Participant: 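Take a look at the following structure, please.
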Amino acid sequence: EYHLQLNHNQTWNMSRLHFHDHCELLLPLVSPGNIFVSDQVYPLRRGTLYLIGENTLHRTMAEGFHARYVLHISKKALAQLSTPQTDLTGLCDTAFRRAELTVGEMTEVIELFQALERNKNDGSFGSDVRQTVARGKNLKPGGPHPHPPGGRFAPPPGGAGDPPPG
């Protein structure tokens, strides 16, 4: 349902475009770098959370040391976390969005990712239960993060987000 990684690389250059049948959240922990989405290139910046929707062609590139959290999450998992008021599945329907985080929000997202990593299902007895409880407690709207960044994702100017209302 979801897969979280903390990646560290001396250099990072994906050799080819790829896509997923799930959503990807990318949180760079250092700058600089670039992300290529659809037919646009955007800078990767520390303090910005990037959302790449289902089946969206993308790749990331960085010169020098690069560290980032990458969360792949299925639409099914987002549906389970949604409420009648907050439908998180719509996040997967948008090709690309980004949200600039305050220092406090970035700290909250990192703590959320760390909690999910600590409680991952490693196949041992009960780890699936710990994972389910942690996911529900940490990702559910109204959980420990008072302002989920998903509500602030904005499409990039002139980029691959939703068309303007019209």
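Each residue takes its place number in the sequence, starting with 1. It should be emphasised that the depicted structure is a prediction, and the values quoted were computed from it without experimental measurement.
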Participant: Which atom names give the shortest non-hydrogen contact between Tyr50 and Arg45, and what distance separates them?
Facilitator: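 In this case the closest contact between Tyr50 and Arg45 is OH-N, 2.9 Å.
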
Participant: Would Leu81 and Ile73 count as a side-chain contact (heavy atoms from CB on, under 4.5 Å) here? Give the steps.
Facilitator: CA-CA 11 Å; Leu81 294 168; Ile73 188 162; 4.2 Å; yes

Participant: If you round to the nearest 0.5 Å, how far is CZ of Phe65 from NE2 of His8?
Facilitator: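 Here the rounded value is 4.5 Å.
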
Participant: Any chance you could lay out the ring-ring contact (aromatic ring centres under 6.0 Å, His included) test for Tyr42 and Phe96, step after step, and finish with the verdict?
Facilitator: CA-CA 11 Å; Tyr42 304 94; Phe96 180 65; 4.8 Å; yes

Participant: Indicate yes or no: at least one non-hydrogen side-chain atom of Glu24 is less than 4.5 angstrom from one of Phe19.
Facilitator: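 No, every pair of side-chain atoms sits at 4.5 Å or beyond.
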
Participant: Kindly compute the distance separating CZ (Arg98) from CD (Glu100), expressed to the nearest 0.5 Å.
Facilitator: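 That separation rounds to 7.0 Å.
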
Participant: Grab the two heavy atoms, one from Pro28 and one from His66, that are nearest each other, plus how far apart they are.
Facilitator: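 For Pro28 and His66, the tightest heavy-atom pair comes out as CB-CE1, 4.5 Å.
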
Participant: Distance check, rounded to the nearest 0.5 Å: Ile35 atom CD1 versus Gln40 atom CD?
Facilitator: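 That separation rounds to 12.5 Å.
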
Participant: Please report the shortest heavy-atom distance between Leu88 and Leu78, naming the atom on each side.
Facilitator: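 Smallest heavy-atom distance, with atoms named: O-CD1, 3.8 Å.
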
Participant: Could you report the tightest heavy-atom contact between Thr56 and Ser38, atom names first, then the distance?
Facilitator: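 Where Thr56 meets Ser38 most closely, the heavy atoms are CG2-OG, 4.0 Å.
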
Participant: Hydrophobic clusters here meaning ILVMFWY residues chained together by side-chain heavy-atom distances under 4.5 Å, can you tell me if Met106 and Leu25 are in one?
Facilitator: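 Yes.
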
Participant: Going from CG on Asn34 to CZ on Arg59, what distance comes out if it is rounded to the nearest 0.5 angstrom?
Facilitator: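 That separation rounds to 10.0 Å.
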
Participant: Could you tell me which non-hydrogen atom of His58 sits nearest to which non-hydrogen atom of Ile52, and how far apart they are?
Facilitator: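 Between these two residues, the closest heavy atoms are ND1-CG2, 3.5 Å.
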
Participant: State the CG-CD1 distance between Leu29 and Ile110, to the nearest 0.5 angstrom.
Facilitator: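 Nearest 0.5 Å value for the CG-CD1 distance: 5.5 Å.
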
Participant: So does Lys75 pair up with Asp93, basic N to acidic O under 4.0 Å?
Facilitator: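 Yes, Lys75 and Asp93 are salt-bridged.
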
Participant: Hey, quick one: are Val109 and Leu6 part of the same hydrophobic cluster, counting side-chain heavy atoms closer than 4.5 Å, chains of contacts allowed?
Facilitator: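 Yes.
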
Participant: Check whether any side-chain heavy atom of Tyr69 sits under 4.5 Å from a side-chain heavy atom of Gln5, and report yes or no.
Facilitator: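 With C-beta onward as the side chain, the pair stays apart.
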
Participant: To the nearest 0.5 Å, tell me how far Arg68 CZ sits from Leu26 CG.
Facilitator: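 Result: 7.5 Å between the selected atoms.
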
Participant: Among Thr48, Leu44, Leu101, which one satisfies side chain to side chain contact (heavy atoms under 4.5 Å, CB included) with Leu27?
Facilitator: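 That would be Leu101.
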
Participant: So, for Glu54 and Cys23, which heavy atoms are closest and what is the spacing to 0.1 Å?
Facilitator: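 Scanning both residues completely, I find the closest heavy atoms to be CG-N, 4.3 Å.
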
Participant: Could you tell me if the side chain of Val70 sits less than 4.5 Å from the side chain of Asn7, heavy atoms only?
Facilitator: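 With C-beta onward as the side chain, the pair touches.
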
Participant: If the plane angle is over 60° it's perpendicular, under 30° parallel, otherwise tilted; pick one for His72 and His3.
Facilitator: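 Aromatic pair His72/His3 classed parallel.
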
Participant: Distance-only, no hydrogens or angles: does the His22 side chain make a donor-acceptor pair with backbone N or O of Tyr2 under 3.5 Å?
Facilitator: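 A pair under 3.5 Å: no.
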
